[in-house]
2 protein chains.
Amino acid sequence: MPLPHTEAPGYLVSNLASRGVRMTRQRRAILGIIETASHHLDAAQILRKAQKQEPEVDRVTIYRTLSLLKRHGLIDELDLMHLQGEKHFYERKTPREHVHMTCLRCGRVTEFESRLFDGLKKQVQKECRFQIAVARMEIGGYCSSCRA
Amino acid sequence: MPLPHTEAPGYLVSNLASRGVRMTRQRRAILGIIETASHHLDAAQILRKAQKQEPEVDRVTIYRTLSLLKRHGLIDELDLMHLQGEKHFYERKTPREHVHMTCLRCGRVTEFESRLFDGLKKQVQKECRFQIAVARMEIGGYCSSCRA
DNA sequence: AGTCACGATGCAACCAGTTGCAACAATGCG
DNA sequence: CGCATTGTTGCAACTGGTTGCATCGTGACT
């Protein structure tokens, strides 16, 4: 499922720069890759792509950059129900958070926006007096084409 | 937050045995620990407790038993927003699934049941024609005592 | 009780992600 | 423009979790 290209190219770079974050060759490469990604990427894929531009990049730098983006709320980290080992997937934060459904048979990932999801978050904020920073809802099961 | 002791002792053992799963010394020890746990445990804690009963148990056996329980839908695996590294926590499956909120400051974990959560799952099943096996909603943020 | 098939175990080696630390380089200032 | 500050990088070593494989032991059948 391709992600929509809602932001101008360079958005992550300029957003971070405007917050006083230093721009290095490595970061520029990594941010560009995440920005122009057409689907969910894992850390190893980002590393491989980044090394095509900057062969010296270390995987540690990938993880540190991803963690920087998480801290600034610019990407979301997904487990996708640990379908493939323990690795994580990353996507640019979209204006509306959505549910991720992973098919346990074919591995396809579907996204779903719902007013109930938004409502549930509001309810937690209000009834539990809990200030939400990140909310993640992930579902594992069987998609319509894989059901018996 | 203590978990309620809703099931008779030996429930996991007899449940699995009735499905034709072999019972070994190691499994009996691990299942007993999970059953009588008064809070969310991680794999390392389960290993340490199990080795008090059966000193020869290997961590691999812990992970394989946890994965067995997941496959049979008898426990839920939680990330708790990766608050502490990459480790996971485990809890017996309760009749009603609930949301887990983790405070990013004090680390406290709160559980919350909501009709909106149940409704959201129903909506996914119906509108996305997606048959749910596991649903996990985790929230990271700041609890009422930790908010500015 | 004795035998046997096959599932479960432990070990070693591996994958994903994190941390401590010394060397390095992006920015701000003169 | 050159320099100092301080954040960033790469390396090595580590933690948490998984996999392949030879050995072991459960539970079924006699």
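So you know, we letter chains A, B, ... as the sequences are listed, proteins then strands, and number each from 1.
- The hydrophobic clustering, which links ILVMFWY residues whose side-chain heavy atoms are closer than 4.5 Å, places B:Leu47 and B:Leu31 together.
- Residue order along DNA chain D, read from the 5' end via each residue's closest nucleotide, puts A:Glu56 first among A:Glu56 and B:Glu77.
- Remark: A:Thr94 OG1 to A:Arg92 CZ distance equals 9.0 Å, nearest 0.5 Å.
- Put simply, CD on A:Gln26 is 18 Å from P on C:dA23, counting in whole angstrom units.
- Across the protein-nucleic acid pair, A:Ile62 atom CD1 and D:dT9 atom P stand 10 Å apart, rounded to whole Å.
- D:dG16 atom P lies 15 Å from atom CG of B:Asp58, rounded to whole Å.
- The CD-P distance, from A:Gln45 to C:dA16, rounds to 11 Å in whole Å.
- Straight-line distance from the CZ atom of A:Arg27 to the C1' atom of C:dC24: 14 Å, rounded to whole Å.
- Within the nucleic acid shown, B:Ala44 has no heavy atom closer than 4.0 Å to any nucleic acid atom.
- At least one donor-acceptor pair closer than 3.5 Å links the side chain of B:Glu35 to the backbone N or O of B:Gly10.
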Enumerate all atom pairs, one protein N or O and one N or O from nucleotides 27-30 of chain D, separated by less than 3.5 Å.
{"from": "D:dG27", "atom 1": "OP1", "to": "B:Met23", "atom 2": "N", "distance (Å)": "2.7"}

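- Remark: B:Lys121 NZ is packed, more than 12 non-hydrogen atoms of other residues, nucleotides or ligands lying under 6.0 Å away.
- One atom, CD of A:Gln51, and another, C1' of D:dT9, lie 14 Å apart when rounded to the nearest Å.
- The side chain of B:Tyr63 places no N or O atom within less than 4.0 Å of a non-bridging phosphate oxygen (OP1 or OP2) of D:dT18.
- Donor-acceptor pairing under 3.5 Å, judged by distance alone, is present between the side chain of A:Arg64 and the base of D:dG10.
- Residues A:Thr102 and B:Phe130 come closest through the heavy atom pair O-CZ, 3.4 Å.
- In terms of polar N and O atoms assigned as donor or acceptor, the side chain of A:Arg59 never comes within less than 3.5 Å of the base of D:dG10 in a complementary pairing.
- Within a 6.0 Å radius of CD in B:Glu113, other residues, nucleotides and ligands contribute more than 12 heavy atoms.
- Whole-Å rounding puts the B:Tyr90 OH to D:dG17 C1' distance at 8 Å.
- Distances shown here put a side-chain N or O of A:His88 below 4.0 Å from the OP1 or OP2 atom of C:dG17.
- Side-chain atoms of B:Val60 lie closest to D:dT18 of the nucleotides D:dT18, C:dG17, D:dA12.
- A side-chain hydrogen bond (donor to acceptor under 3.5 Å, both in side chains) with B:Asp79 is found for one member of B:Lys87, B:His88, B:His100 and no other, namely B:His88.
- Atom-to-atom, CG of B:Leu69 to P of C:dA8 comes out at 12 Å; the value is rounded to the nearest Å.
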